[in-house]
Amino acid sequence: MIKVLKGMKDRYFEDIRKYDYIIDSAKNVFSKYGFEKIITPIVEETELFERGVGEETDVVSKEMYTFLDKAGRSITMRPEGTAGVVRAYLQAGLYKSDPLVKWFYYGPMYRYEAPQKGRYREFHQVGVEAFGVRDPFADAEIIKMGCEFLETAGIKNLTVEINSLGNSSSRQRYTAELKKFIEERLDKLCDNCKTRYKKNPLRVLDCKSEACQEQYKNAPVLKDYLDEESSTYYEELKKYLELLEVNYVENYRLVRGLDYYSDTVFEIKSENLGAQSTVLAGGRYDKLLEILGDIQMPGIGFAAGTERIALLMDESLLKEEEKPVYVVYFPETKEYALNIIKILRENGIKVDFDYGMKSFKSQMKKAGKLNSKYVIILGEDEKNENKAVLKNFDTGEQEKLEIEKVIERVNGDV
Ligand code: HAM
């Protein structure tokens, strides 16, 4: 039998109810903050991610699903949403007329990672991007919106971590110092850090190995290398977060795995997720639009993995779905039943029945399994009298009624 690909999952029943709940929460919260929905294609030119996300990042150098299309162009299945949304903003020329645009999106993303709990090769993100504003107040508001979204989706006990990466010149100065620091202890570090530090030194600080973290205890701190503008920006961000009553902790080691960030970065984490503790992550990317489109325009956003939210969400928030009314019929009343089913549905009633002709007993059993509150029985007598037997499964009562009465009774109960 052909099976679903490793790291990917078919989703149905409970998974779908959770996913829909997450998306509804996102739509409700984001629209309150003036964000509108955007849909971009799942595939883009590979170069978009190489230039946007950064060739040295793990995502681009190791994890992309890349292939040649029939015309020989290199195409990639998006590993994240920001680059595509930035491309759409640039392509639409929105920066010329009304640069302040606030968008949200959701959909599948693809990364060829080693699968584990909370980490998949096909996963789904809900994300937001805001263009045209560089003001710490906007950063604070977006972090607040991320918290509100996760709370609405039923997640508690989260930690908001923030940091500032400063601008590129302060980051360069810091990176040079950090490299020197790492080189002095290289023999004590794990293989991953040994290779990583050459191309992407900031990322070593994220290493999960305790031995490496022990070595990094006294590593230089990026905060000390920020220039005055970035420093003031960061202090103002904290002030606005306090004003908006966002509880945060500062994590000077927070660096993020994608290259486009500058100044504000943040992650929202949960202790209950194991190794993949980050539920929502994002930051400011004031140089990305210049890199991709030669346009100087600031941007900020975040994305959250819906699978991780689903692992954490309070399931009691999922409303019990309205159960269908189950129609039981007989070979002689098939046509009568089809007509009654049509009328019931026209009157807004959710109806289910068996397509294949089964015995009365097995139809009743199916109704019980579906947890239907009502069963409508359509036998020969009912057909001749143009009526139906309505059985209330909760009380066990049953009554022969005119069809209009059945509709009234069922609809009146909803
Ligand atoms: P990211 O940190 O790569 O950022 O991913 C954001 C979130 O997507 C993670 O915190 C996690 O919840 C989820 N996620 C990532 N990889 C996986 C995976 N393999 N399996 C399951 N969930 C995963 C971004 O993607 C940026 N585009 C966020 C952003 C938007 N920054 C600015 N705007």
Side-chain angles (χ1 to χ4, degrees), residues 5-9 11 19 22 26 30 35 38 40 44 48-49 52-54 57-60 62-65 77-89 101-131 138-139 142-143 145-146 149-150 153 155 158-161 165 203 206 254-270 272-289 292 298-313:
L5 292 171
K6 186 175 170 190
M8 303 199 183
K9 203 177 164 219
R11 298 171 329 139
Y19 182 76
I22 294 165
F30 300 161
F35 281 69
I38 177 169
T40 63
E44 298 274 358
L48 176 72
F49 303 110
V53 178
T57 60
D58 280 355
V59 169
V60 171
K62 298 184 195 158
E63 298 167 2
M64 293 209 301
Y65 281 85
M77 296 175 70
R78 62 183 182 194
E80 58 100 56
T82 310
V85 173
V86 168
R87 180 204 46 68
Y89 175 83
V101 172
K102 299 192 282 184
W103 275 326
F104 74 89
Y105 53 90
Y106 49 86
M109 309 285 158
Y110 300 86
R111 294 184 193 176
Y112 198 81
E113 294 195 80
Q116 53 171 262
K117 183 184 169 198
R119 190 163 78 191
Y120 313 99
R121 289 182 176 171
E122 183 190 63
F123 59 98
H124 297 74
Q125 278 186 347
V126 169
V128 306
E129 313 295 345
F131 303 111
D139 302 25
I142 282 172
I143 296 173
M145 181 170 81
F149 159 51
L150 294 178
I155 312 187
L158 295 165
T159 309
V160 180
E161 293 187 358
L165 300 182
R203 290 290 285 163
D206 255 2
L254 183 66
V255 288
R256 309 278 302 121
L258 315 167
D259 273 358
Y260 46 63
Y261 294 108
S262 54
D263 288 303
T264 309
V265 286
F266 54 93
E267 292 196 357
I268 304 185
K269 296 182 178 175
S270 164
N272 304 330
L273 270 177
Q276 304 306 315
S277 59
T278 305
V279 191
L280 181 150
R284 178 159 282 289
Y285 45 82
D286 289 348
K287 287 279 173 244
L288 181 58
L289 281 85
L292 291 177
I300 177 167
F302 66 68
T306 66
E307 288 80 2
R308 291 188 195 174
I309 298 176
L311 283 171
L312 294 169
M313 76 189 284

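Ligands are counted one by one from 1 in listed order, and the atoms in each one are counted from 1 as well.
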At under 4.0 Å between heavy atoms, what of Glu113 touches ligand 1? The answer is side chain

- Hey, is ligand 1 close enough to Val279 that some N/O pair sits below 3.5 Å? yes

Does some side-chain heavy atom of Met8 sit less than 4.5 Å from a side-chain heavy atom of Tyr110?
-> yes

Counting heavy atoms under 4.0 Å, the part of Arg121 that contacts ligand 1 is neither

In this structure, atom 6 (C) of ligand 1 is nearest to the protein heavy atom Gln125 NE2, 3.4 Å

Quick look: Tyr261 vs ligand 1, heavy-atom contacts under 4.0 Å, and the answer is side chain

* Walk me through it: do Tyr105 and Phe35 pass the test side chain to side chain contact (heavy atoms under 4.5 Å, CB included)? => CA-CA 10 Å; Tyr105 53 90; Phe35 281 69; over 6 Å; no

min-distance protein heavy atom vs atom 30 (C) of ligand 1 -> Thr82 OG1, 3.0 Å

- request: State whether Arg11 and Glu307 are salt-bridged, where the test is any N-O pair (Lys NZ or Arg NE/NH1/NH2 against Asp/Glu carboxylate O) under 4.0 Å.
  value: yes

Among non-hydrogen protein atoms, atom 14 (N) of ligand 1 lies closest to Phe123 CE1, 3.5 Å

Numbered in order shown, the ligand 1 atoms found under 4.0 Å of a heavy atom of Phe302 are 29 (C), 30 (C), 32 (C), 33 (N)

Ligand 1 to Glu80, heavy atom cutoff 4.0 Å, flagged ligand atoms 25 (O), 26 (C), 27 (N)

Query raised in the report: Taking NZ, NE, NH1 and NH2 as the nitrogens, is one of them in Arg111 or Glu80 under 4.0 Å from a carboxylate oxygen of the other?
Result: no

Residue, atom and distance of the protein heavy atom nearest atom 21 (C) of ligand 1 read Gly118 O, 3.3 Å

Per-atom filter on ligand 1: closer than 4.0 angstrom to a heavy atom of Gly282 are 31 (N)

*Taking the side chain as every heavy atom from C-beta outward, state whether Val59 and Phe49 have any pair of such atoms under 4.5 Å apart.*
no

d(Thr306 OG1, Tyr106 OH) to nearest 0.5 Å is 11.5 Å

- prompt: When only distance counts, is Ala304 in polar contact with ligand 1, meaning an N/O pair under 3.5 Å?
  reply: no

In this structure, atom 20 (N) of ligand 1 is nearest to the protein heavy atom Tyr120 N, 3.0 Å

Does any N/O atom on Arg119 come nearer than 3.5 Å to any N/O atom on ligand 1?
-> no

Can you see whether Thr82 engages Tyr260 through a side-chain donor-acceptor pair at a distance of less than 3.5 angstrom?
yes

Nearest non-hydrogen protein atom to atom 24 (C) of ligand 1, with distance, is Leu258 CD1, 3.5 Å

Subject >> Test of proximity, Glu129 against ligand 1: N or O pairs below 3.5 Å >> reply: yes

the protein heavy atom lying closest to atom 11 (C) of ligand 1 turns out to be Arg308 NH1, 3.4 Å

Honestly, for Tyr260 the part within reach of ligand 1 (heavy atoms, under 4.0 Å) is side chain

Closest to atom 4 (O) of ligand 1 among protein heavy atoms sits Arg256 NH2, 3.0 Å

So for Glu267 against ligand 1, with non-hydrogen atoms under 4.0 Å, the contacting part is neither

